[in-house]
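Numbers for residues simply follow the sequence, beginning at 1. Keep in mind that what you see is a predicted model, and the values were worked out from it rather than measured. Keep in mind that the numbers below use all heavy atoms, side chains included, and drop hydrogens, waters and symmetry copies. Both counts, for ligands and for their atoms, begin at 1 and track the order of listing.
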Amino acid sequence: MKKTTSLSELGITDDISKAFFRPIQSAAPPSPSKRRTKISVIGAGNVGMAIAQTILTQDLVDELALVDAKPDKLRGEMLDLQHAAAFLPRTRIFADTDYAITASSDLCIITAGARQIPGESRLDLLQRNLDLFRIIVPPLAKYSPEALLLVVSNPVDVLTYIAWKLSGFPPNRVIGSGTNLDSSRFRFLLADHLEVNAQDVQAYMVGEHGDSSVALWSSISVGGVPVLGSLERHQIEYEEGVLEKIRKAVVESAYEVIQLKGYTSWAIGYSVASLARSLLRDQRRIHPVSLLAKGFHGIDEGKEVFLSLPAQLGRGGVLGVASVHLTEEEAKRLRCSADTLWEIQQKLGI
Ligand SMILES: NC(=O)C1=CN([C@@H]2O[C@H](COP(=O)(O)OP(=O)(O)OC[C@H]3O[C@@H](n4cnc5c(N)ncnc54)[C@H](O)[C@@H]3O)[C@@H](O)[C@H]2O)C=CC1
Ligand SMILES: CC(=O)C(=O)O
């Protein structure tokens with residue numbers, strides 16, 4: 001791939017900066033212990049670029065590396081972002097088809113791969129994206145052995161398991177974006193219905209990022225007030241059918257966007273940038289993300305599946321799983337999701 005045209009390539013040397021700035025007397029070089037933070041985004045498609053641009057506007061890193069298999073598209077995307085430099089916090093952006101540019105990343109975000117066409121489920125993408133992950137994950141692990149891996153490509157839960165196996169990383173450093181997005185959709189629908197701000201609604205979807213995701217009704221609160229308890233106190237009846245309709249609306253919202261515009265991108269961009277912030281800035285915030293879920297809520301210890309549960313995220317990756325209460329029905333649905341994913345994984349031979 002052709003390199004960015006820099007001023008030095010045009011024969012303009014770094015010495016020129018001396019015409020503008022002279023060092024102060026007795027200045028020491030920058031401290032070697034002050035490391036620059038770096039994120040690599042693999043896949044410069046709709047999702048990868050939405051994530052990249054959200055990361056840039058939120059000033060999350062010093063360096064952003066982009067990798068894709070299509071060199072022209074990749075260079076075009078890189079230049080387009082670089083041309084916004086005058087309006088953005090200073091971030092060094094570079095791109096290549098060679099994974100060497102991802103070296104020493106703090107966080108690698110994988111978005112490469114096939115996406116659903118209308119009518120396809122996320123699980124339908126598995127075989128195509130499994131083959132890609134065999135190409136993508138080993139070099140990422142080789143060039144950034146200390147990095148956190150954040151998987152976005154679908155089906156995200158099974159691919160997070162695969163990334164864990166292929167990387168050899170400890171499970172706390174391999175995370176799937178999971179139901180962080182589904183939970184945002186859930187909060188939006190609830191906030192819209194209740195006419196409140198979605199940021200004041202605490203509500204989690206857990207389990208598979210997909211058709212079998214589980215809504216945790218008992219833990220929904222608005223401004224700290226538990227919603228179901230409050231309805232009961234005011235003797236407002238609600239029906240299980242209504243709750244299931246809202247859950248279905250969350251699940252179907254991705255299909256609707258794909259039907260209408262061909263893909264989803266903006267919401268996943270913000271969702272992943274929020275995860276990147278919690279991880280790299282050690283925010284210790286709780287996010288529902290896909291993690292190694294065996295042993296939680298009755299999921300068999302022998303079943304190595306990745307599913308979303310509310311987890312505390314920080315610089316070390318997954319710091320812990322929140323002890324949220326699940327009703328017996330919710331736990332049963334979660335175990336059902338785990339069984340489905342486990343059966344799929346058994347057939348992969350990984
Ligand atoms: N987890 C989630 O919540 C969400 C996941 N997704 C998933 O994200 C993935 C990407 O979706 P889009 O960006 O819309 O697709 P896209 O088709 O726009 O982009 C995919 C990119 O991957 C690149 N690619 C293919 N093989 C590669 C390789 N070996 N190395 C590097 N790059 C490679 C392609 O050149 C393309 O630029 C899909 O699997 C989609 O289902 C999408 C939205 C939300
Ligand atoms: C495509 C997808 O996984 C989503 O938007 O939820």
Side-chain angles (χ1 to χ4, degrees), residues 1 40-54 65-78 95-99 101-102 108-140 149-160 162-163 166 175-186 188 205 207-213 249-275 287-290 306-308:
M1 192 179 81
S40 291
V41 177
I42 317 306
N46 304 303
V47 172
M49 294 317 295
I51 292 170
Q53 88 94 27
T54 314
L66 303 172
V67 178
D68 198 282
K70 294 182 190 150
D72 288 349
K73 151 106 172 132
L74 182 59
R75 179 170 162 76
E77 291 290 8
M78 176 193 71
D96 209 310
T97 51
D98 186 336
Y99 283 80
I101 64 149
T102 65
C108 297
I109 303 172
I110 310 178
T111 76
R115 64 178 139 92
Q116 297 153 265
I117 51 166
E120 264 189 321
S121 82
R122 294 171 181 87
L123 287 170
D124 291 332
L125 303 171
L126 181 55
Q127 197 54 51
R128 280 167 278 168
N129 288 346
L130 167 63
D131 293 342
L132 279 187
F133 268 49
R134 290 186 204 276
I135 300 170
I136 292 170
V137 177
L140 286 179
L149 281 186
L150 177 53
V151 177
V152 182
S153 313
N154 274 319
V156 67
D157 301 295
V158 184
L159 290 179
T160 308
I162 286 162
L166 292 173
I175 302 159
S177 62
T179 56
N180 199 48
L181 173 57
D182 314 53
S183 300
S184 173
R185 288 175 175 145
F186 192 32
F188 160 71
M205 301 282 291
E208 182 201 0
H209 168 61
D211 302 349
S212 73
S213 56
V250 174
V251 170
E252 280 161 17
S253 51
Y255 289 102
E256 187 183 4
V257 178
I258 291 169
Q259 182 74 41
L260 292 169
K261 67 172 243 191
Y263 54 89
T264 62
S265 57
W266 302 122
I268 186 66
Y270 281 100
S271 166
V272 171
S274 80
L275 298 178
H287 295 269
V289 287
S290 197
F306 279 68
L307 279 180
S308 286

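- Polar contact check, H209 against ligand 2: a nitrogen or oxygen pair lies under 3.5 Å apart.
- Residue F133 comes nearest to I162 through the heavy atom pair CB-CG2, 4.2 Å, listed as atom of the first residue, atom of the second, then distance.
- When non-hydrogen atoms are compared, ligand 2 lies under 4.0 Å from the side chain of L181 (C-beta onward) but not from its backbone.
- Taking S271 as the reference, N180 meet the side-chain hydrogen bond (donor to acceptor under 3.5 Å, both in side chains) condition, with sequence neighbours excluded.
- Close contacts between ligand 2 and Q116 involve ligand atoms 1 (C) [criterion: under 4.0 Å to a heavy atom].
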Would you list the atom pairs, donor with acceptor, under 3.5 Å between side chains in residues 261-270 and any protein atom, with sequence neighbours excluded?
from: K261; atom 1: NZ; to: S265; atom 2: OG; distance (Å): 3.1

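- What you find for D182 and H209 is that their closest heavy atoms are OD1-ND1, 2.7 Å.
- For the pair R128 and E120, the salt-bridge criterion is met [side-chain N within less than 4.0 Å of a carboxylate O].
- No option in I109, V152, V47, I51 other than V152 meets the side chain to side chain contact (heavy atoms under 4.5 Å, CB included) test with S177.
- Atoms of ligand 2 found under 4.0 Å from any heavy atom of R185 (numbered from 1 in listed order, with element): 4 (C), 5 (O), 6 (O).
- Heavy-atom contacts of A254 reach the following atoms of ligand 2: 4 (C), 5 (O), 6 (O) (cutoff under 4.0 Å).
- For D68, the side chain to side chain contact (heavy atoms under 4.5 Å, CB included) partners at least two apart in sequence or on another chain are A44, K70, L74.
- At distances below 3.5 Å, not a single donor-acceptor pair connects side-chain atoms of S40 with backbone N or O atoms of C108.
- Under a 3.5 Å cut-off, the side chain of T97 and the backbone N or O of A69 do not form any donor-acceptor pair.
- Ligand 2 is approached by N154 to a heavy-atom distance shorter than 4.0 Å.
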List below, pair by pair, the N or O atoms of ligand 1 and of the protein that are less than 3.5 Å apart, including the distance to 0.1 Å; reply 'none' if no pair qualifies.
from: ligand 1; atom 1: 1 (N); to: V152; atom 2: O; distance (Å): 2.8
from: ligand 1; atom 1: 1 (N); to: S177; atom 2: OG; distance (Å): 3.3
from: ligand 1; atom 1: 3 (O); to: H209; atom 2: NE2; distance (Å): 3.1
from: ligand 1; atom 1: 6 (N); to: N154; atom 2: ND2; distance (Å): 3.4
from: ligand 1; atom 1: 13 (O); to: N46; atom 2: N; distance (Å): 3.2
from: ligand 1; atom 1: 13 (O); to: V47; atom 2: N; distance (Å): 2.8
from: ligand 1; atom 1: 14 (O); to: N46; atom 2: ND2; distance (Å): 3.2
from: ligand 1; atom 1: 14 (O); to: R115; atom 2: NE; distance (Å): 3.3
from: ligand 1; atom 1: 15 (O); to: R115; atom 2: NE; distance (Å): 3.3
from: ligand 1; atom 1: 17 (O); to: R115; atom 2: NE; distance (Å): 3.4
from: ligand 1; atom 1: 18 (O); to: N46; atom 2: N; distance (Å): 3.0
from: ligand 1; atom 1: 18 (O); to: N46; atom 2: ND2; distance (Å): 2.9
from: ligand 1; atom 1: 22 (O); to: G113; atom 2: N; distance (Å): 3.3
from: ligand 1; atom 1: 32 (N); to: A69; atom 2: N; distance (Å): 3.4
from: ligand 1; atom 1: 35 (O); to: D68; atom 2: OD1; distance (Å): 2.6
from: ligand 1; atom 1: 35 (O); to: D68; atom 2: OD2; distance (Å): 3.4
from: ligand 1; atom 1: 37 (O); to: D68; atom 2: OD2; distance (Å): 2.7
from: ligand 1; atom 1: 39 (O); to: A114; atom 2: O; distance (Å): 2.6
from: ligand 1; atom 1: 39 (O); to: N154; atom 2: N; distance (Å): 3.1
from: ligand 1; atom 1: 41 (O); to: N154; atom 2: ND2; distance (Å): 3.0

